[in-house]
Structures are given as C-alpha cells and as structure tokens.
Amino acid sequence: MEEHTKETDILTLGNELTLRRYLFNKAQINHVLKVPDYIALHIIKEAGSEQDIYGGKTYLKDLSEKMQLTIRQTSKLVAGLKERGLVKWSHDGNGNDGTYVTITDEGKKLFEQQQADLKEYYEKVIRRFGKDNLIQLLNLMKQLETVMHSELEGMGVMDDAAGEDE
C-alpha cells in the first residue's frame, strides 16, 4: 500500500509541475510580448553591440544555439521578424559562409518598448512576490532544470529531441 501511495505522490507532483510550467510558459508573459521574438531581438541586439568585429551580425547558427532551437525553427523565427521589418537577413559570400541577421531601427524600437513593458511588469511582480523569494525560486528552478535535463539525457530523450522541428 505504501508503494502505491508513493507512486501516486510522484504522479501528483509531476502532473502539478507539468501543469504549472505549461501555464506559466503559455499564458503569463505572452500577453505582454511574444517571448521568442523578444529573446531573438535581444540576442541579435546584444551580439551586434558587443561584437564590433562582426559589424552587428548575428549568425543564424549562433542564434540557434543560444535559443536552443534547430536551424529550421530559427529560420522560421527569423523569417517572421524579417517580414515585420525588425531584422535584415543576409549572407556572406555566396551563402556558404553562413547567413546572418542584423537588427533594424524598427527592431531596436520594438525591443526597447518591450523591454520597458517588461521592466514595468516585473517591478510589480517582484514588489508583490519579493526579491528574495524570486531569487530563491530561480535558484531552485535552475537546480530542477539541471536534474530534469540529466534524467532526460539518461533516458536518451535529449538525443531524440535535438532533431525534432516544431
């Protein structure tokens, strides 16, 4: 009987964690901004300002690695940003040397507005939840992510997920 209770507890906790992660990722911040777009613009803007050697270029491969997306997913994301005039997408040489993106003035303007909106939102959240609570939660989440990632690797799931496209 004790084994059944332990199994039920594990399933209950696992289901609650899965639900909380889903709801947080789905609903919370997406009302303020499109998270993948914001993160991509942030990476492109930061890489452009930090790495003068590349002339503001962020290579698709680098963006893909930083966002932990496949090249195909990254291309789809960048194509959407390009359509909206937020980035320029070009290539070196004949294209064999890599494709890259640079942020446009419109992209910078949108990013700065989103950053201001996020700052205002998180100031309120942190004021209500508490800075120390948030720091403790983030540290625990990092620890949990490490354990979860390790367990998935042990199951061979991470190898399978690396090749999947959305």
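Just so you know, these numbers use all the heavy atoms, side chains as well, and skip hydrogens, waters and symmetry mates.
- Shortest non-hydrogen contact noted between Lys61 and Ile71 is CA-CD1, 3.9 Å.
- Summarising the local packing, CD of Glu16 is surrounded by more than 12 heavy atoms from other residues, nucleotides or ligands at distances under 6.0 Å.
- Looking at every heavy atom in both residues, Gly107 comes nearest to Leu41 through O-CD1, 4.2 Å.
- Rounding to the nearest 0.5 angstrom, the gap separating the CD1 atom in Ile103 from the CD1 atom in Ile43 is 11.5 Å.
- Going from atom CD of Glu145 over to atom CG of Leu152 covers 9.5 Å, rounded to the nearest 0.5 Å.
- In this structure, the side chains of Ser75 and Leu60 come closer than 4.5 Å at one or more pairs of heavy atoms.
- Within the cation-pi definition used here (under 6.0 Å to the ring centroid, within 45° of the axis), Lys45 does not qualify as a partner of Phe111.
- Here the CG atom belonging to Leu140 is positioned 12.0 Å from the CD1 atom belonging to Ile135, to the nearest 0.5 angstrom.
- The residues Glu112 and Lys108 are annotated as not salt-bridged, no charged nitrogen and carboxylate oxygen being separated by less than 4.0 angstrom.
- There is no side-chain donor-acceptor pair under 3.5 Å between Asp132 and Gln136.
- Using a 4.5 Å heavy-atom threshold, the side chains of Thr74 and Met67 count as separate.
- Atom CG of Asp105 sits in a sparse spot, with 12 or fewer heavy atoms from other residues, nucleotides or ligands closer than 6.0 Å.
- Paired with Val78 under the rule side chain to side chain contact (heavy atoms under 4.5 Å, CB included), one option of Leu63, Thr99, Leu86 passes, and it is Leu63.
- Atoms CG and CD, from Leu118 and Gln114 in turn, are 7.5 Å apart once rounded to the nearest 0.5 Å.
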Start with the C-alpha gap between Leu134 and Tyr122, add the side-chain angles, then the distance that decides, and say whether side-chain contact (heavy atoms from CB on, under 4.5 Å) holds.
CA-CA 11 Å; Leu134 182 60; Tyr122 280 121; 5.9 Å; no
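- By the 4.5 Å heavy-atom criterion applied to side chains, Leu81 and Val101 are not counted as neighbours.
- Taking both residues in full, the closest heavy atoms of Tyr100 and His91 are given as CE2-C, 3.7 Å, listed atom of the first, atom of the second, then distance.
- In terms of heavy-atom proximity, Ala40 sits nearest to Leu77 at CB-CD2, 3.8 Å.
- Within the 4.5 Å cutoff, no side-chain heavy atoms of Asp117 are placed close to those of Tyr121.
- The minimum heavy-atom distance linking Lys88 with Thr104 is given by the pair CG-CG2, 3.8 Å.
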Before you tell me yes or no, could you show the steps for Asn139 and Gln143 under side chain to side chain donor-acceptor pair (under 3.5 Å), namely the whole-Å CA-CA distance, both residues' side-chain angles and the distance that decides it to 0.1 Å?
CA-CA 6 Å; Asn139 284 327; Gln143 291 173 29; over 6 Å; no
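- Nearest heavy-atom pair, Lys82 versus Trp89, reported as atom, atom and distance to 0.1 Å: CD-CB, 4.0 Å.
- In this structure, the side chains of Arg84 and Asp37 come closer than 4.5 Å at one or more pairs of heavy atoms.
- Using a 4.5 Å heavy-atom threshold, the side chains of Lys76 and Arg72 count as separate.
- No single ILVMFWY cluster, assembled from side-chain heavy atoms under 4.5 Å apart, contains both Val147 and Met141.
- At distances below 3.5 Å, not a single donor-acceptor pair connects side-chain atoms of Ser150 with backbone N or O atoms of Thr146.
- Inter-residue side-chain proximity for Phe129 and Leu137 is flagged as met; some heavy-atom pair is nearer than 4.5 Å.
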Under the side-chain contact (heavy atoms from CB on, under 4.5 Å) rule, what do Lys119 and Gln115 come out as? Steps first, then yes or no, please.
CA-CA 6 Å; Lys119 183 177 183 285; Gln115 206 167 35; over 6 Å; no
